[in-house]
**Student:** 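Handing you a structure now.
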Amino acid sequence: MNILYVGDIMGEPGIEAVSCVLPEVRKQYKPDLVIAQAENTTNGKGLSRTDLDRLLRLGVDFCTGGDWSMHLPEIYDYLDDPSQPVIRPANYPEGTPGLGWKYIETATGSVLVISLRGSIVGKKAEDPMNNPLKIVDQILLENEDVQRDATIVNFHGDFSSEKRMIGYYLDGRVTAVIGDHWHVPTADAMILPKGTAHITDVGMCGTLHSSLGVKLSVTTKRWYDGHPSRNQLETDGPLQFNATLITSNSSHSATSIQHINQIIPAALCSV
Ligand SMILES: [Fe+2]
């Protein structure tokens, strides 16, 4: 099975990058399933129903979540509905709307997709999250007897130490553990010793010359004088598309992992 995981889609420039590159990538690699990190899709904060529909029309099959998943309440019903291809991190506290794992049926088999948030994520470090390791153990136990062809875990976190550790924690138990949230791709895509594919961070889809998709004029000033300021998305200049392609075998192990990075010159493509 070929599974493509597309990195954080950051606002309109992210949607534009996906629109420009994904059709070609689909043709070239023929993925059976395309999963994308969509928590930043709608103006950098959350995912609207309209933008979910747009991503599905562009060739995304399923969306994972992160620290912005709960920002737009209009998506809560979709997060709750097992038939809607979108989840939020599974380790939010009891009572949080939505599901943190769902199955998606593809032409070549059934895939369990799980989203987890790192224990500490930037300014949201005080959020009362459940322990991601204990939660993923529970999910895998609950689904132990469910027939499926692959299990993909998304780990949306800040600490590289935690993102590396969970790969090894789940090695041999799931097909892939894909890290994101940094918006910067790492060069460590690998198959771990017991057959799980892992990358610390996939990177993002959006503007290239920016600070994680945000205007450099805003972030530079913030780092220079320390005054809080509102993020403004960069919308000019070349775009970047980052994704990770995983191939798995009939025993659900990964057989290859490959990072895909494409730079799109400004104005080459528009939605
Ligand atoms: Fe995030």
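Read the numbers this way: they start at 1 and go in the same order the structure lists the ligands and their atoms.
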**Student:** So that I can tick it off, tell me whether R117 and D158 are bridged by a salt bridge, with the cut-off set at under 4.0 angstrom between side-chain N and carboxylate O.
**Tutor:** no
**Student:** Need the atom name: nearest N/O/S atom of D67 to the Fe ion (ligand 1).
**Tutor:** OD1
**Student:** State the atom name: nearest N, O or S atom of E39 to the Fe ion (ligand 1).
**Tutor:** OE2
**Student:** Between the Fe ion (ligand 1) and H181, which N, O or S atom of the residue is the nearest one?
**Tutor:** ND1
**Student:** Hey, are E234 and K215 close enough for a salt bridge, meaning a charged N less than 4.0 Å from a carboxylate O?
**Tutor:** yes
**Student:** Short check: any N/O/S atom of D180 below 2.8 Å from the Fe ion (ligand 1)?
**Tutor:** no
**Student:** To the nearest 0.5 Å, what is the distance between CG (L239) and CE (M204)?
**Tutor:** 8.5 Å
**Student:** Could you check V153, D149, I152, L112 and say which one makes a side-chain contact (heavy atoms from CB on, under 4.5 Å) with T175?
**Tutor:** I152
